[in-house]
Amino acid sequence: MRRSILAAASVTVALLAGPSVSRTQSVSPNRKAAAAQSVPPRFIAAQPDLFAAGANLTNAWADYDGDGDLDLFVGFNGSPNRLYRNTSGLFADVAPVAGIADSRSTRAAAWGDFDADGDSDLMLGYAPSPGSVLRLYRNDGGRFLDITRDAGLSRDSAAVRQLSWVDVDGDGDLDLFVALRDRPNSLYRNDSGRFTDVAPALGLSDPRRSVGAVWVDYDSDGDLDLYVANQDGDSNGLFRNDGGLFTDVAGELGVAWAGRLPNDKTNGSVRPCAADVDGDGRFDLFGANYGRNGLLLNRGTRFEDASDAWGIAIDAKYDACAFADYDNDGRIDLYVNGTVTGGVSYRDYLFRNTGTRFEDVTPRNLLDLQADHGAEWADYDDDGLVDLALTGAQADGMHLLLRNAPERPVGRSLSVRVVDADGRSTRAGAEIRVYLAGTRTLLAARLTDTGSGYNAQNDAPEHLGIGTADRVDVEVTFPRAGQREATVVRGVRTDGKRTALTVRVPERR
């Protein structure tokens, strides 16, 4: 079980309310004081016999049983889904006992505490087939009950892609966004556990061929905006949230194509990701594309296409992007998952962030994989390093769990879990920034998951590498209904490789 520091009386916690909360002041352009020496990556397959079956599409992490370690759901393409329970770093499939061993082709999975009872519930999206293509499982003491119909979420004949649990209206509970490949997208408002599609009224029923989405307050105005990835030559959408009504501003802000060719039906964006790539405190956007990958740096008033400058504009076919600081040097690195299509297996990439560009550091054993679709990072063994879980759609493939095992020591890390005042996981989209203690020197920034990997959402702590820093301040900012509310935990000591911290975001006063 992980040791956790709770942001409470033992540390200083300050609540700042209102749009005047600053983003980042006096950000250091280089982080030599906190950076660790570059170490070549090495990943070792964990329990390879267990994680051997192929034909799987999506994967997502959550501590569904509340025992303090992360468990892994894997959605399969027609054979029974699996839920791997983690017991001190060893996994066993418990899906049949838990009641979620569905045999339908599962394209999407999202963990979130929709009923705010303190445990992680599971939302699944299926390929079109008889029965509802959405299924909501309520977690009842580690067993899951299908409550789809009672929740008002039954839906027939749609190609489900991204599912995201987010509190769009700022009322304290989780609403559900659903991206659809062949129908207008939906946003289901949560009213005491009963859901109503309000997308048409809010401007989010986008009819383009949507396959991925991520929520982030890109303009720092106190509410969550939505970036949607579209396929088959459709442009992407960046839906700015203005008081609960959404306007697509992708064209005017320079993010409509995410680095790929405009209006080319052979090109499309599959997975959008949001991360602070250049260390300025703002969250940038990335597109894993059919076509050139795209890196869009957030410049405050618009985005700059830095794909070529950062060495990321590789023209192939990709299904997933997954950001994480695998070497704990304070700069966020990137895994891009190539797809298998038309008889071609497009290679995966592990890119190390040097501070000014990405360099390919993919280990040999990852180059040999046909690992399309799911890619998720998580520190499953609590050793302070993020590990990598992959899925592969090939029938004779695998769904590997790869333990991060560098040959030399790397920097320290923080594991930060963001919860509400009652300890419940309802704060997706919260921004986490870590500073050298007593300064505004930014060491790392992360976004609490609102959509990740391939059509997935984790309910898990965020991992932040901090190099050699031994004392830090942690700031968590949550955008809600036009205000940016910040909780600051000062003087956190980092002993050893990893320090776990739980930060409660108070209710608005």
Side-chain angles (χ1 to χ4, degrees), residues 55-62 72-78 81-83 100 102 104-112 121-129 132-137 153 155 158-166 176-183 185-188 206 208-215 226-232 234 236-237 258 268-274 286-290 317-323 335-341 371-378 389-393 399 428 449-460:
N56 31 76
L57 300 171
T58 188
N59 54 357
W61 293 93
L72 177 64
F73 173 83
V74 180
F76 279 72
N77 191 20
N81 293 334
R82 300 187 184 184
L83 175 61
I100 55 174
D102 305 327
R104 295 176 63 182
S105 178
T106 303
R107 301 299 300 258
W111 292 99
D121 309 296
L122 181 62
M123 188 76 207
L124 299 180
Y126 303 121
S129 59
S132 174
V133 294
L134 297 177
R135 183 168 292 174
L136 175 57
Y137 282 109
L153 287 170
R155 180 161 188 163
V160 181
R161 293 299 187 264
Q162 181 65 47
L163 303 169
S164 294
W165 292 110
V166 286
L176 177 67
F177 174 78
V178 182
L180 297 167
R181 183 71 168 75
D182 59 348
R183 300 283 193 280
N185 297 331
S186 293
L187 176 67
Y188 292 94
D206 187 354
R208 288 173 289 189
R209 286 154 285 207
S210 300
V211 289
V214 62
W215 292 79
L226 174 64
Y227 188 50
V228 180
N230 296 315
Q231 267 281 14
D232 298 343
D234 286 348
N236 298 339
S269 295
V270 180
R271 175 75 246 148
C273 291
F286 182 87
N289 298 327
Y290 280 21
K317 294 183 186 295
Y318 305 95
D319 273 334
C321 50
F323 280 96
Y335 193 85
V336 182
N337 206 344
T339 195
V340 180
T341 184
D372 61 318
H373 286 96
E376 294 286 356
W377 295 95
L390 302 173
T391 66
H399 56 290
D449 194 5
T450 65
S452 64
Y454 178 78
N455 301 341
Q457 183 178 13
N458 303 301
D459 178 7

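A 4.5 Å side-chain heavy-atom check between Tyr126 and Leu134 finds every atom pair outside the cut-off.
Ionic pairing of Arg82 and Asp102 is not present here: no N-O contact between side-chain nitrogen and carboxylate oxygen is shorter than 4.0 angstrom. Ion pairing between Asp206 and Arg208 holds under the 4.0 Å rule for side-chain N and carboxylate O.
A donor and an acceptor atom, one from each side chain of Glu376 and Ser452, are located under 3.5 Å apart. Defined by atom type and a distance below 3.5 Å, a donor-acceptor pair is present between the side-chain atoms of Arg104 and Ser129. Side-chain N/O atoms of Tyr137 and Asp121 include no donor and acceptor closer than 3.5 Å. No side-chain N or O of Thr58 forms a donor-acceptor pair with one of Asn455 less than 3.5 Å apart. Side-chain atoms of Asn59 and Thr391 form no donor-acceptor pair, as typed in the model, at a separation below 3.5 Å.
A distance of 6.0 Å separates CG in Leu163 from CG in Leu176, rounded to the nearest 0.5 Å. Distance check: Tyr188 OH to Met123 CE gives 8.0 Å after rounding to the nearest 0.5 Å.
Panel note: side chain Asn458, backbone Trp61; a donor-acceptor pair is recorded below 3.5 Å.
Every residue meeting the ring pair (Phe, Tyr, Trp, His ring centres under 6.0 Å) condition with Phe76, not counting sequence neighbours, appears here in chain and number order: His399. Tyr290 meets the ring pair (Phe, Tyr, Trp, His ring centres under 6.0 Å) test with no other residue; sequence neighbours excluded. Applying the ring pair (Phe, Tyr, Trp, His ring centres under 6.0 Å) rule to Phe323 yields the partners Phe286; only residues at least two apart in sequence or on another chain are considered.
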